[in-house]
Amino acid sequence: MAQIIDGKALAAQVLARTAADVAEMVAAGAPAPGLAVILVGNDPASEVYVGRKIAQCRKAGISSIEHRLPADTPEGDVLALIDTLNADAGVHGILVQLPLPKHIDAALVLDRIDPGKDVDGFHPVNVGRLSTGTGGLVPCTPLGVMLLLDSVIEDYRGLNVVVIGKSNIVGKPVSMLLLEREATVTVTHIETRDLPDVARKADVIVAAAGAPHLVRGYWVKPGAVVIDVGISRVTDFDGKTRIVGDCATHELDHAKAVTPVPGGVGPMTIACLLSNTVLAAKRSAVA
Ligand code: NAD
């Protein structure tokens, strides 16, 4: 049987470490780290995500400031709010919940965030720092993927890693982090030819396609490690919906280790958002 990597347990460790860091900072006289969350509109999934992030902040002692704006908020108002938050010394992290309504240019909004407060790691400065291996804030999901991998892999040098998906949020940044560890990384996507053959050569597969059960048992070589980032809602024959990942996990007994969905990458993403906020606060204190 493949080892199931417990993302919930690992995320609880990251959260406990983060809470301890916050307590230490506050005990030393620093203000509690502050995370500003901007939610434009009332997309139900976004509301759930924001609610979870804020609840976890509270548990860790991070002060979270929620800015809920109506769906028809002009782009200029969102930019002006970001300018205010950039200038606010009590705000160490700024998160804009995506997707934004169609009339708002998401790239323009994300580019406006002070890179030092960009806890999602999407600002071009942080993307550049990641690709040159020069620090910066790293996107939360790829950071979580690396912590999950670190729990089962000590040395990445020379390992063949196949990343499925090339998004700016997951596929590309996780590839950069793996290259930094001297893995041999193949980034694949919807147009990749013979993907099962490519995947079968991998020591590690990171699946971030959003394609339910794309990665079948015969795609995975015995002893490989499989990280399943995908989250898709599917409807069963009885009309019930459930969340599934990109991997047919029930076919992966021959793998060394796999992450479950739910309970794998998802919890790590929020935990890493909090640890990024604390990192941003620490860096602002020494800046
Ligand atoms: P995206 O749609 O931006 O990118 C998907 C990528 O996968 C693209 O590069 C596309 O070419 C590739 N792809 C799609 N179908 C494919 C197929 N059949 N074969 C090969 N490649 C294929 O998606 P994203 O934002 O990177 O998210 C990917 C998945 O990860 C989604 O299910 C998303 O919900 C999930 N996700 C989870 C978390 C988390 O915290 N667990 C965070 C971010 C994204």
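Numbers here simply count residues along the sequence, with the first being 1. Every number for a ligand or one of its atoms is a count from 1 in the order of the listing. The structure presented is a predicted model; accordingly, all values stated were derived computationally and were not measured.
- Of the N and O atoms on the side chains of Thr269 and Thr141, at least one donor lies less than 3.5 Å from an acceptor on the other residue.
- Not counting sequence neighbours, His123 has no partner by the ring-ring contact (aromatic ring centres under 6.0 Å, His included) test.
- Sorted by chain then number, the residues whose non-hydrogen atoms approach ligand 1 to under 4.0 Å are Thr141, Ile164, Gly165, Lys166, Ser167, Val170, His189, Ile190, Leu195, Ala208, Ala209, Gly210, Leu214, Val229, Gly230, Ile231, Val265, Gly266, Thr269.
- Summarising the hydrophobic clusters (Ile, Leu, Val, Met, Phe, Trp, Tyr; side-chain heavy atoms under 4.5 Å, direct or chained), the residues clustered with Val278 are Leu15, Val22, Met25, Val26, Leu35, Val37, Leu39, Val50, Ile54, Ile62, Leu95, Val119, Ile270, Leu273, Leu274.
- Partners of Ala55 under the side-chain contact (heavy atoms from CB on, under 4.5 Å) rule, at least two apart in sequence or in another chain, do not exist in this structure.
- Hydrophobic clustering (side-chain heavy atoms under 4.5 Å, transitive across Ile, Leu, Val, Met, Phe, Trp, Tyr) groups Ile205 together with Val258.
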Note to self: Using the rule given for side chain to side chain donor-acceptor pair (under 3.5 Å), can you reason through Tyr156 versus Asp203, listing the C-alpha separation, both sets of side-chain angles and the distance that settles it, and then say yes or no?
What the structure shows: CA-CA 10 Å; Tyr156 292 77; Asp203 302 302; over 6 Å; no
